[in-house]
Number of protein chains: 2
Amino acid sequence: MPSVTIKDVARLAGVSPSTVSRVISNHPRISKATAEKVRQAMETLGYHPNMTAKKLVSKSTKTLGLVLPRSAEELFANPFFSEVLRGMLACANQKQYDLLMSSANNPKEEMETVTRMVLGRQVDGMILIKPRKADPVIEKLLALDFPFVVLGRSLEHPDVPAVNNDNIAAAFDATFHLINQGHRRIGFVSGPPELVVSGDRLAGYQKALSQVKLPLRDEWVIASDILPKNGFHAVSMVMNAPDRPTAFVVSDDVVAFGMIRELVGAGYQIPEDVSVVGFNNIVLSELSNPPMTTVDIGIYHLGYQTARHLIRILQGEKVPEPNVTVPHRLVIRQSVRFLSHTDDSL
Amino acid sequence: MPSVTIKDVARLAGVSPSTVSRVISNHPRISKATAEKVRQAMETLGYHPNMTAKKLVSKSTKTLGLVLPRSAEELFANPFFSEVLRGMLACANQKQYDLLMSSANNPKEEMETVTRMVLGRQVDGMILIKPRKADPVIEKLLALDFPFVVLGRSLEHPDVPAVNNDNIAAAFDATFHLINQGHRRIGFVSGPPELVVSGDRLAGYQKALSQVKLPLRDEWVIASDILPKNGFHAVSMVMNAPDRPTAFVVSDDVVAFGMIRELVGAGYQIPEDVSVVGFNNIVLSELSNPPMTTVDIGIYHLGYQTARHLIRILQGEKVPEPNVTVPHRLVIRQSVRFLSHTDDSL
DNA sequence: CAAATTTGTGCAAACGTTTGTATATCCTAT
DNA sequence: ATAGGATATACAAACGTTTGCACAAATTTG
């Protein structure tokens, strides 16, 4: 409302607008005296720079763009997202950047929003969360030569700046933990098939099985997108077969919760009858009943490093590696049972 | 990078920049012919308006500001937040607004960020999430006469535009449900004491007790901020007393999870030994073991309506009521036991 | 002590739009 | 034919900054 500009300050301080500007940016060749005078004037007038004007002339917005994946509806109810966001905000905040967010209901809207942010010069760089396979947004940004980093990885462009877990290794570890605990019949619940991350985790699972020469049984891998809605029919189908799995690797903790709930409802005990290892280690994994064994992928760091990486690039710092990998670790709690080989109660 | 401006379009189309501008904004007095010519030129050049310039001259940013409460660290790991955000984004997106976010580590930073957004004219309005009692940010915004709405309510300024639940009634309902189920010794776990919402829920709990002439026992109300860190000492202290509560109202589902976990760890069964009713109905409340009885406060709607309310105000629509109340409802699941009055097993 | 350099400040252009006012062309009505 | 009003477009100022250049004053140098 008051809208006091640099000119008002200049007038009161008895100097030119450019001098005021230089005082603000600590230009070296401003005398101590005028600087003081100007600061005084700013103070009494309650001056604050108009960021929009500043952005226009400086051609830098100090803002990072973030468009929510169209799968937002699902992914978003997931604590994963807020934890990632928390990391991003923490980093952005520290480096004096803001985050401009928008959501989109479908791929078309998503592209439009990206376009508006990028071509509309509202942001200095973009963050892409969990890209799809053959993601057109990546193609677009690449074509525009606009700075961006993906949280996850691009299948088609391996050298695009990215922050990711080694999801193959992570799923391998999760699966191998079950193997080490004596399990031989291990099922897998995968994430949305269009996401790169889903493919990686599936691959890690398969790798672990084949390493110990266990057969891959297609009927034991379940696509999670049919899970929460359809009452887990796929799960009960698998469980009703004569030689059912004794354990599952589930590529998302939330889905794992839903699955456990179904299993419990069907009369199974966790981990006595079925073991489960989840993915992500969200806060509630620790608080659930039973506390869930899961692979901690460092969600907060994932977010933090993604923002960090992008800002580094924007500031022209030497970026040693295009890709940064956030370490994961298996957190062993109580949703996995040790299965003696001589035990054939299952 | 290419940075094609309105002038480039004008040149190619053989008209003046102002004409191009008017074509874009569908000015009535532009001939069909030129309009076509200009659109053609925009197309071939791949023109997109520079939003920053537009914002500068139009003095409207089409952006909503959101500063994360300093309690972000805690609140944020909470799915509550992402669900609220999802609602806000959905509404903003629909009304063609963006969200500018920032976080702050302490009240001072918070104020600075608000100042930067508001006085820096980066946003048209602000959203304040769950204000504290005597929140200085509210005072500031009021003093500046800057449009904002709070998600929650202001204690000191009841007529400030706000979107909220009737938290007193909600906590009353939760407590009364326990009473109806036969409970007479009911504890309460409160949220961070500096938040308005915490006070309201506590009041609702007290109201329910006094309505049925149950004594208020101070030692049975536990402040949650001492909960997750200190291993729930307060809980075990309460539980070890000779006449311990048979049930708790817990003003946040996440805290309820943590509490249940502690209780289970101490050998109690839920709901057989202790009943719990939570607050918020986050996604995982349904999936937990046992599924949690909780009051659904419509988190998504809370977010959606907050954005909606602010946008209404910004667009100068007649706003019938300064405050909108999002309805709540008790969702009965399986964390509460029916307690026969003749049953003195507890 | 004059010349050269440094120091401090102002002027004006630029960033890419929007919009009020002026002007030119074209109708329509007298 | 011609005034009067539409209609369609151009001009230029404005939004609030930053910054290259010019220039005066102060300081250093030989």
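Small disclaimer: the values here were computed from a predicted structure and weren't measured.
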- Message: Between B/Asp135 and B/Leu128 (side chain of the first, backbone of the second, donor and acceptor by atom type, cut-off under 3.5 Å), is there such a pair?
- Response: no
- Task: Quickly work out the A/Gln122 CD to C/dC15 P distance and round it to whole Å.
- Result: 20 Å
- Show your reasoning for whether side chain to side chain contact (heavy atoms under 4.5 Å, CB included) applies to A/Val123 and A/Phe146. CA-CA 10 Å; A/Val123 298; A/Phe146 191 85; 4.1 Å; yes
- Task: Check if the side chain of A/Arg29 and the base of D/dG20 share a donor-acceptor pair of N or O atoms closer than 3.5 Å.
- Result: no
- Separation of atom NE2 in B/His27 from atom P in D/dT7, rounded to whole Å: 11 Å
- Euclidean distance, atom NZ of residue B/Lys59 to atom C1' of D/dT17 [Å, nearest integer]: 12 Å
- Query: For the pair made of CG in B/Leu45 and C1' in C/dG16, what is the distance, rounded to whole Å?
  - Reply: 15 Å
- Message: Please report the interatomic distance CD1(A/Ile127) to CG(A/Leu85), rounded to the nearest 0.5 Å.
- Response: 9.0 Å
- Message: Under 4.0 Å from OP1 or OP2 of C/dG10: is there any side-chain N or O of A/Thr19 that close?
- Response: yes
- Message: Nearest whole Å is fine: how far is D/dA10 C1' from B/Arg11 CZ?
- Response: 16 Å
- Message: If you assign B/Val15 and A/Lys7 each to the DNA chain D nucleotide with the nearest heavy atom, which residue ends up on the more 5' nucleotide?
- Response: B/Val15
- Task: Indicate, with a heavy-atom threshold strictly under 4.0 Å, whether B/Lys55 touches base, sugar-phosphate, or nothing.
- Result: nothing
- Message: For a quick check, tell me whether the side chain of B/Thr52 and the base of C/dC15 share a donor-acceptor pair closer than 3.5 Å.
- Response: no
- How would you label the contact of B/Ser31 with the nucleic acid (heavy atoms, under 4.0 Å): base, sugar-phosphate, or nothing? sugar-phosphate
- Specify the residue among B/Ile30 and A/Arg22 whose closest nucleotide of DNA chain D lies further upstream toward the 5′ end. B/Ile30
- Task: Tell whether B/Thr5 reaches the base of C/dC15 with its side chain through a donor-acceptor pair below 3.5 angstrom.
- Result: no
- Is there a side-chain polar atom (N or O) of B/Ser3 under 4.0 Å from OP1 or OP2 of C/dG16? yes
- Query: Do you know which of B/Leu142, B/Leu64, B/Val137 makes side chain to side chain contact (heavy atoms under 4.5 Å, CB included) with B/Phe148?
  - Reply: B/Leu142
- Message: Is the shortest side-chain heavy-atom distance between A/Leu155 and A/Arg153 below 4.5 Å?
- Response: yes
- Message: Any carboxylate oxygen within less than 4.0 angstrom of a Lys/Arg side-chain nitrogen, looking at B/Glu194 and B/Lys130?
- Response: no
- Query: Whole Å only: how far is the CG atom of B/Leu56 from the C1' atom of C/dC15?
  - Reply: 9 Å
- Query: For B/Lys32 and D/dA8, is the shortest distance between a side-chain N/O and OP1 or OP2 below 4.0 Å?
  - Reply: no
- Message: What contact category does B/Gly14 fall into here, base, sugar-phosphate, or nothing, at under 4.0 angstrom with non-hydrogen atoms?
- Response: sugar-phosphate
- Rounded to whole Å, CG of B/Asn26 lies from C1' of C/dT19 at a distance of 16 Å
- Message: Would you say A/Ser21 places a side-chain N or O within less than 4.0 Å of OP1 or OP2 belonging to D/dT18?
- Response: yes
- NA contact type, B/Thr34, heavy-atom cut-off 4.0 Å: base, sugar-phosphate, or nothing? sugar-phosphate
- Message: Measure CG/A/Asp8 against C1'/D/dT17 and give the value in whole Å, please.
- Response: 13 Å
